[in-house]
Q: 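Quick one: the structure is below, and I'll ask about it shortly.
Every chain is numbered from 1 and lettered A, B, ... according to where its sequence line falls, protein lines coming before strand lines.
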Number of protein chains: 2
Amino acid sequence: MKRDETSLKAFIALKRTNDAIDIAIRKDIRKYGLSVTEFAVLEVLYTKGPLTIQTIRDRILIASSSTTYVIERLIEKGYVIKEQDTKDRRTFYVSITDAGRTVMEEIFPMHAAMIQSFFDCLEDDELEILKEALKKVSARVSNII
Amino acid sequence: MKRDETSLKAFIALKRTNDAIDIAIRKDIRKYGLSVTEFAVLEVLYTKGPLTIQTIRDRILIASSSTTYVIERLIEKGYVIKEQDTKDRRTFYVSITDAGRTVMEEIFPMHAAMIQSFFDCLEDDELEILKEALKKVSARVSNII
DNA sequence: TCTATTTAGTTCGAATTTGAGATAATTATA
DNA sequence: TATAATTATCTCAAATTCGAACTAAATAGA
């Protein structure tokens, strides 16, 4: 198969894999009344600690207006709080609350187990190459855009 | 790094790569007045020929209500037509029109070149493993769900 | 210092997407 | 054959997402 053709096939496989996993996660997380985006925000705050709104947006790659929206939903649910930075009053830090942490502690193990089961069809070295190759490609995409 | 941890990292990299590419494609295709979903439908009809609505839905993994919606948009734009199957009157075949083909012939080379440039940071064997690994994972996900 | 530019986040309207529940046609079963 | 179950698609309301334009605050440059 020619190089160009392989790239296109890889892209199609990437899209399909992502979409299929997304559907699985959506179903799973819906039980807890969360959308995939809400979960992504909670997850990054849970693992990385308090972040500015902008950092959250860069992490999960959604429009900034969507970031405002999803954080508002999470505040309503009591899972995060938003605090203005005293030094730079344009920026806000978002942190997970105890209630948010409790939900994540309930969801996360099942979520992680599901993800792991998706990848358990790969050998160790395949998985490693997959991970590294994806990192290279996403860095490349960010560079080009 | 432990196996489980690598799976989670691979998943995060997958999501991030997909989202970044999606944003790039959206920008690119917007110039032609198409959404990413509309483009995906056109692309599959362009490369695979006429398909039923259900097959299109399975290919691009969106809700069936969304399939109805996006095909309606494409009909309005004159890029596809919908024809009822004479044998099974529940099913409809969707085909790309000449106008749709013309648009695809205009967009597709640039689109393909962009995709290829995203993957040109990988060696041939890395790309091959990436593609095959993604196929395995998406098959695995479909099996589990 | 004054003004221009940049940065962080929000508002708003329009477009898209979803899930739940129809409808209509086909197929399986009693 | 009559009825039940399945299949293909659609309708609808609600939720999400986006892009464009905005406000407010900080920083850079004259």
Q: Could you say whether A:R26 or A:I53 is positioned toward the 5' end of DNA chain C, judged by the nucleotide with the nearest heavy atom to each?
A: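 Counting from the 5' end, the first nearest nucleotide belongs to A:I53.
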Q: Tell me every residue that passes side chain to side chain donor-acceptor pair (under 3.5 Å) with A:D88, counting only those two or more places apart in sequence or in another chain.
A: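 For A:D88, the residues satisfying side chain to side chain donor-acceptor pair (under 3.5 Å) (neighbours in sequence not counted) are A:R90.
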Q: Does anything in residues 69-83 of chain A form a side-chain hydrogen bond (donor to acceptor under 3.5 Å, both in side chains)? List the pairs, not counting sequence neighbours.
A: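 Those involving residues 69-83 of chain A are A:E38-A:K77, A:R73-A:E76.
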Q: Would you indicate, yes or no, if D:dT16 has its OP1 or OP2 atom less than 4.0 angstrom from a side-chain nitrogen or oxygen of A:S66?
A: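 A:S66 to D:dT16 OP1/OP2: no side-chain N or O under 4.0 Å.
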Q: Quick test of your reading: applying side-chain hydrogen bond (donor to acceptor under 3.5 Å, both in side chains), list the pairs with at least one residue in residues 40-50 of chain A, sequence neighbours left out, ordered by first then second residue.
A: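 Every candidate side-chain hydrogen bond (donor to acceptor under 3.5 Å, both in side chains) pair involving residues 40-50 of chain A fails, so no pair, neighbours aside, qualifies.
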Q: If you restrict it to nitrogen or oxygen atoms, what contacts under 3.5 Å exist between nucleotides 12-14 of chain C and the protein, and what is each distance?
A:
none

Q: Does B:Y69 put a side-chain nitrogen or oxygen below 4.0 Å from OP1 or OP2 of C:dT16?
A: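 The answer is yes; a side-chain N or O of B:Y69 sits under 4.0 Å from OP1 or OP2.
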Q: Of all the nucleotides listed (D:dA8, D:dT11, C:dG9), which has the minimum atom distance to the side chain of B:T91?
A: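 Of D:dA8, D:dT11, C:dG9, D:dA8 is nearest to the side chain of B:T91.
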Q: So does A:L134 get a backbone contact from the side chain of B:T17, meaning a donor-acceptor N/O pair under 3.5 Å?
A: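 Yes.
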Q: Holding to salt bridge (charged side-chain N to carboxylate O under 4.0 Å, His left out), I want the full list of residues that pass it with A:K87, two or more places apart in sequence or in another chain.
A: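 A:K87 satisfies salt bridge (charged side-chain N to carboxylate O under 4.0 Å, His left out) with no other residue.
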Q: Does a nitrogen or oxygen in the side chain of B:R30 sit under 4.0 Å from OP1 or OP2 of D:dA20?
A: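 Result: yes.
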Q: Would you jot down, in residue-number order, the residues of residues 77-90 of chain A having a non-hydrogen atom under 4.0 Å from DNA chain D?
A: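 Contacts with DNA chain D under 4.0 Å: A:K87, A:D88, A:R89, A:R90.
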